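Data first, discussion second: the structure below is written as structure tokens.
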Amino acid sequence: MAAPEAELVLKWEREQALLRESVKEEDTEDWQRSPDFNGLERVGGVDLSFIKGDDINACAHLVVLTYPQMKVLYEDCKMVTLNAPYMAGFLGFREAPPLLQALENLKNVQPHLMPQVLFVDGNGLFHYREFGLACHLGVLSDLPCVGVAKNLLHVEGVVRSEEHQSQINALKKSGDSFPLTTASGRVLGKALRSSQSSIKPVYVSVGHRITLDTAVRLTHTCCLYRVPEPIRQDLRVFWGPGEVLTSPDICAFFSCL
DNA sequence: GCGACAG
DNA sequence: ATCTTGTCGC
């Protein structure tokens, strides 16, 4: 028998190729066509947080914010145990199941708060096989999804080169972006300067049911700081200062149930 | 051949 | 992913 891990990788690659066929790269919602996103009222964000030294237990976050005010409508935080290890290119198999669970839970308890679009911490089509976590979640939930990565994944010739760095240096103001073009000439994402105060871009790509240009425009409007507010709220809930009851407490509470 | 490589 | 302190500027 071949190495179990190699078998698993092959199986995962086949599954990604199959699910890739279901990704919709078009704007399927009316609000996506509107210059000011008229009709968009709820934006969501999902993320997993880890504690130092433990990479199998995590806190799965889902927040829903009002648009365009970015006020919290809903937040959920639950301790989960992950089954798959982290492997670049296969994030979906590790993180999608608990995040889908959180969406399922929202549908059961507060269906009217279901977000109209979901920001995902990681890439969408900007991926080795054009099927990153944001596509994975998009296809399996059928929600419009936007992938926002905070670091560059090296995809088909797109690397942290001097050329890439000079393109970053050319992003002068918030909203400026440049395409991430593959060796084969396909634009799989865009590097976006999302705030005036940070020169480091975020890497935006299509997850599902949205075009790249709409995804970039929407991401820009959801950024008060470098990271889009729905994702930043996820991170803040866990690590941020200020609350009387911190999120680790909340997670500890839930894990005892 | 080896290393790079979202979270 | 995870952490933490200081430091600078408005």
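Keep in mind it's a predicted model, so treat the numbers as computed, not measured. In what follows, every heavy atom counts, from backbone to side chain, and hydrogens, waters and symmetry copies are set aside. Naming: A, B, ... by sequence-line order, numbering from 1 per chain.
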Inset, instruction - With sequence neighbours left out, write down each residue that passes ring-ring contact (aromatic ring centres under 6.0 Å, His included) with A:Trp12, or none if nothing qualifies. - result: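 A:Trp12 satisfies ring-ring contact (aromatic ring centres under 6.0 Å, His included) with A:Phe90, A:Phe93 once adjacent residues are dropped.
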Legend entry - Phosphate OP1/OP2 of B:dA6 contacted by A:Arg94 side-chain N/O (<4.0 Å):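 Negative; the distance criterion is not met.
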Legend entry - A:Arg186 bridged to A:Glu130 by N-O distance under 4.0 Å: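 Counted as a salt bridge, because a side-chain N and a carboxylate O are separated by less than 4.0 Å.
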Legend entry - Dot-bracket encoding of pairs in DNA chain C, which uses [ ] for pseudoknotted crossings and | for another strand, Watson-Crick or G-U under 3.5 angstrom: ..........
Inset, instruction - Would you indicate whether the side-chain heavy atoms of A:Arg226 and A:Arg232 approach each other to under 4.5 Å? - result: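 A side-chain contact is absent here, since even the closest heavy-atom pair is not under 4.5 Å.
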Legend entry - Any A:Leu82 side-chain heavy atom under 4.5 Å of A:Pro98 side chain: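 They are in contact (side-chain heavy atoms under 4.5 Å apart), so the answer is yes.
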Inset, instruction - Quick one: the dot-bracket string of DNA chain B, using Watson-Crick and G-U wobble pairs with both distances under 3.5 Å, [ ] for crossing pairs and | for bases paired to another strand. - result: .......
Legend entry - Closest to the A:Asn123 side chain, choosing from B:dA6, B:dA4, C:dT2: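 Looking only at heavy atoms from C-beta outward on A:Asn123, the closest nucleotide is B:dA6.
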Inset, instruction - Check every atom of B:dA4, C:dT2, B:dA6 against the side chain of A:Leu91 and return the nucleotide holding the closest atom. - result: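 Minimum distance to the A:Leu91 side chain belongs to B:dA6.
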Legend entry - Pair listing, side-chain hydrogen bond (donor to acceptor under 3.5 Å, both in side chains) test, anchored in residues 80-104 of chain A, at least two apart: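 Checked against side-chain hydrogen bond (donor to acceptor under 3.5 Å, both in side chains) - neighbours excluded - the pairs reaching residues 80-104 of chain A are A:Asn57-A:Thr81.
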Inset, instruction - Could you name each residue pair satisfying ring-ring contact (aromatic ring centres under 6.0 Å, His included) that touches residues 95-118 of chain A, not counting sequence neighbours? - result: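 Pairs touching residues 95-118 of chain A that pass the test: none.
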Once you round it to whole Å, what is the distance between [atom2] of [N] and [atom1] of [X]?
X: A:Leu82; N: B:dG7; atom1: CG; atom2: P; value: 15 Å
X: A:Tyr128; N: B:dA4; atom1: OH; atom2: C1'; value: 8 Å
X: A:His61; N: B:dG7; atom1: NE2; atom2: C1'; value: 13 Å
X: A:Lys52; N: C:dC3; atom1: NZ; atom2: C1'; value: 8 Å
X: A:His164; N: B:dA6; atom1: NE2; atom2: P; value: 13 Å

Legend entry - Residues which pass salt bridge (charged side-chain N to carboxylate O under 4.0 Å, His left out) with A:Lys71, listed by chain and number, not counting sequence neighbours: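 Not a single residue meets the salt bridge (charged side-chain N to carboxylate O under 4.0 Å, His left out) criterion with A:Lys71.
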Pair up each side-chain donor or acceptor in residues 206-215 of chain A with any protein partner under 3.5 Å, not counting sequence neighbours, and list the distances.
residue  : atom : partner  : partner atom : Å
A:His208 : ND1  : A:Lys24  : N            : 3.1
A:His208 : NE2  : A:Asp142 : OD1          : 3.1
A:Arg209 : NE   : A:Thr28  : OG1          : 3.1
A:Arg209 : NH1  : A:Asp142 : O            : 2.7
A:Arg209 : NH1  : A:Asp142 : OD2          : 3.4
A:Arg209 : NH2  : A:Glu29  : OE2          : 2.4
A:Thr211 : OG1  : A:Asp27  : OD1          : 3.4
A:Thr211 : OG1  : A:Asp27  : OD2          : 3.1
A:Thr211 : OG1  : A:Thr214 : N            : 3.2
A:Thr211 : OG1  : A:Thr214 : OG1          : 2.8
A:Asp213 : OD1  : A:Lys190 : NZ           : 3.1
A:Thr214 : OG1  : A:Asp27  : OD1          : 3.1
A:Thr214 : OG1  : A:Asp27  : OD2          : 2.7

Inset, instruction - Tell me what A:Gly89 touches on the nucleic acid: a base, only sugar-phosphate, or nothing, going by heavy atoms under 4.0 Å. - result: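 Base contact.
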Legend entry - Remaining members of the apolar cluster that contains A:Phe178, side-chain heavy atoms under 4.5 Å: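 Joined to A:Phe178, directly or through intermediates: A:Phe126, A:Tyr128, A:Leu152, A:Leu153, A:Val155, A:Val158, A:Ile168, A:Leu171, A:Leu180, A:Leu188, A:Ile199, A:Tyr203.
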Got a list of side-chain donor-acceptor pairs under 3.5 Å for residues 114-121 of chain A, not counting sequence neighbours?
residue  : atom : partner  : partner atom : Å
A:Gln116 : OE1  : A:Glu41  : N            : 2.7
A:Gln116 : OE1  : A:Arg42  : N            : 2.9
A:Gln116 : NE2  : A:Gly39  : O            : 3.0
A:Asp121 : OD1  : A:Lys150 : NZ           : 2.8
A:Asp121 : OD2  : A:Lys150 : NZ           : 3.1

Legend entry - Under 5.5 Å and under 30°: A:Tyr86 stacked on B:dG7: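 The base of B:dG7 is stacked with A:Tyr86 (centres under 5.5 Å, planes under 30°).
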Inset, instruction - List in chain and number order the residues that pass side chain to side chain contact (heavy atoms under 4.5 Å, CB included) with A:Glu162, two or more places apart in sequence or in another chain; answer none if no residue qualifies. - result: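 None.
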Inset, instruction - Return the residues of residues 167-177 of chain A meeting this criterion: a heavy atom under 4.0 Å from some atom of DNA chain B. Order them by number, or give none. - result: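 By residue number: none to list.
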Inset, instruction - Specify the residues of residues 141-159 of chain A, ordered by number, for which at least one heavy atom lies under 4.0 angstrom from an atom of DNA chain B. - result: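 Those residues are A:Ala149, A:Lys150, A:Asn151, A:Leu152, A:Leu153, A:His154.
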